[in-house]
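Report on one structure; see the data block that follows.
Numbers here are sequence positions counted from 1. All values below were derived from every heavy atom in this structure, side-chain atoms included, with hydrogens, water molecules and symmetry-related copies excluded. Keep in mind it's a predicted model, so treat the numbers as computed, not measured.
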Amino acid sequence: MTAPLTPPTPPNRRPSQSAQPAASGEAAQQPPRPDGPARGAWSAPETHAGAAHSGYGQDGPGLRTELWEAAVITVAVTLCGVLLGLLWLWLAPRVPLVGDTVDNGWVVYLKDTEGEQAIGVDGTFTLLALALGVLSGAAVFLLRRRGGVPLVVALCVGGLLGSLVAWRLGLWLGPQHDVIAHAKAVGKGVTFSAPLKLGAKGALLAWPLAALVVHLGLTALFGPRDPDPYEEQSAAGEPQA
């Protein structure tokens with residue numbers, strides 16, 4: 001008889017043990033699965049879903065919130081036009097007029113033909129509008145430092161509407177517009193004040209322009225800065241100690 005060609009398996013070793021190193025070696029050689037990020041790879045935090053449900057995200061409030069704030073600012077700045085109108089009525093110089101009769105008819109003329117009261121009326125309105133424009137632009141910046149296009153538009157529209165409200169309010173509360181009737185009421189040769197008149201209609205733009213310049217200047221100097229993406233990438237790529 002001849003001896004068997006295959007040596008017998010040692011009694012203390014099971015066949016499954018011989019397959020374990022090969023299986024572990026195959027598992028070690030398998031590439032990582034593509035369904036998940038590799039170990040040590042950088043991945044951005046998933047915050048978009050949370051930012052969509054909240055009122056404010058990484059880039060500031062949403063469009064709906066900005067439009068709502070812009071509407072509130074427009075109304076508030078427009079209502080400040082009442083203050084401008086009252087201040088203009090109180091601080092503007094009076095233009096003196098005098099009534100007289102000529103050929104059984106009444107005429108009204110300036111008492112001081114070389115006076116500059118009419119220019120002072122326009123100047124007073126312009127200076128007050130500039131002051132309110134500076135205050136409104138600074139106040140909106142302090143309340144909403146991040147700024148935004150809707151807020152800037154709201155400042156300009158509110159300032160223009162406020163100037164129109166102040167102008168019409170001053171005309172309404174000022175002296176009587178019918179100067180002939182006023183001259184008849186006070187009598188011949190008696191001085192009375194002319195109605196408020198805004199000769200330079202460009203003064204209506206003083207408020208919105210001042211608010212725009214102040215708000216944009218404060219935002220450029222003291223507003224929040226967006227993070228530099230190159231610095232974030234370099235900081236993320238540095239090895240940790």
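In the hydrophobic cluster analysis, where Ile, Leu, Val, Met, Phe, Trp and Tyr join through side-chain heavy atoms closer than 4.5 angstrom, Trp106 is grouped together with Val190. Cluster annotation: Leu127 and Leu209 are assigned to distinct hydrophobic clusters (Ile/Leu/Val/Met/Phe/Trp/Tyr, side-chain heavy-atom contacts under 4.5 Å, transitive). Under a hydrophobic clustering in which Ile, Leu, Val, Met, Phe, Trp and Tyr are joined whenever their side-chain heavy atoms come within less than 4.5 Å, directly or via other members, Leu142 and Val72 fall into different clusters. The cluster map of Ile, Leu, Val, Met, Phe, Trp and Tyr, joined by side-chain heavy atoms under 4.5 Å apart, puts Leu89 and Leu91 in the same cluster. A chain of hydrophobic side-chain contacts below 4.5 Å, direct or via other Ile, Leu, Val, Met, Phe, Trp or Tyr residues, connects Trp172 to Leu196.
Inter-residue side-chain proximity for Val121 and Trp88 is flagged as met; some heavy-atom pair is nearer than 4.5 Å. Here the side chains of Pro96 and Gln117 are in contact, with some heavy-atom distance below 4.5 Å. In this structure the side chain of Arg145 reaches within 4.5 angstrom of the side chain of Phe141, judged on heavy atoms. When side chains are defined from C-beta on, Phe125 counts as touching Leu84, because their heavy atoms get closer than 4.5 Å. Looking at Phe192 and Gln176, their side chains never come closer than 4.5 Å, going by heavy atoms from C-beta outward. Residues Val98 and Val108 have side chains not in contact (no heavy-atom distance under 4.5 Å, counting atoms from C-beta outward). At least one side-chain heavy atom of Lys184 sits less than 4.5 Å from a side-chain heavy atom of Ile180. Inter-residue side-chain proximity for Leu155 and Ser136 is flagged as met; some heavy-atom pair is nearer than 4.5 Å.
Around the CD atom of Glu116, the shell of radius 6.0 Å holds no more than 12 heavy atoms that belong to other residues, nucleotides or ligands. Within 6.0 Å of CH2 in Trp68 there are 12 or fewer heavy atoms belonging to other residues, nucleotides or ligands.
Atom CG of Leu87 is separated from atom CG of Leu132 by 7.0 Å, given to the nearest 0.5 angstrom. Leu143 contributes atom CG, which lies 7.5 Å from atom CD1 of Ile73 (distance to the nearest 0.5 angstrom). Residue Leu130 holds its CG atom at 11.0 Å from CG of Leu205, rounded to the nearest 0.5 Å. A distance of 11.5 Å separates CD1 of Ile119 from OG1 of Thr126, quoted to the nearest 0.5 Å. Atoms CG and CG, from Leu128 and Leu83 in turn, are 8.5 Å apart once rounded to the nearest 0.5 Å. The distance from atom OG1 of Thr74 to atom CG of Leu67, rounded to the nearest 0.5 Å, is 10.5 Å.
Judged purely by atom type and a 3.5 angstrom limit, Trp207 has no side-chain atom pairing as donor or acceptor with the backbone of Leu161. The closest donor-acceptor contact from the side chain of Arg94 to the backbone of Ala92 lies under 3.5 Å. The closest donor-acceptor contact from the side chain of His177 to the backbone of Leu171 lies under 3.5 Å. A donor-acceptor pair is defined here as one N or O able to donate and one able to accept, closer than 3.5 Å; such a pair exists between the side chain of Asp122 and the backbone of Ala200. Using modelled atom types, one side-chain atom of Ser163 and one backbone atom of Leu204 make a donor-acceptor pair closer than 3.5 Å.
The shortest heavy-atom contact between Gly99 and Ala183 is CA-CB, 4.0 Å. For the pair Ala166 and Gly81, the tightest heavy-atom approach, listed with the atom from each and the gap, is CB-O, 3.2 Å. Between Ala154 and Ala70 the shortest heavy-atom distance is CB-O, 3.2 Å. The minimum heavy-atom distance between Gly159 and Pro208, with the atom names listed, is C-CD, 3.8 Å.
Taking 4.0 Å as the cut-off between side-chain N and carboxylate O, Glu66 and Arg144 count as a salt-bridged pair.
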Run the side-chain contact (heavy atoms from CB on, under 4.5 Å) test on Thr78 and Leu164 for me, step by step, so that the C-alpha distance in whole Å, both residues' side-chain angles and the decisive distance to 0.1 Å come before the verdict. CA-CA 9 Å; Thr78 302; Leu164 292 174; over 6 Å; no

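For the salt bridge (charged side-chain N to carboxylate O under 4.0 Å, His left out) test, no residue two or more places apart in sequence or in another chain qualifies with Lys111.
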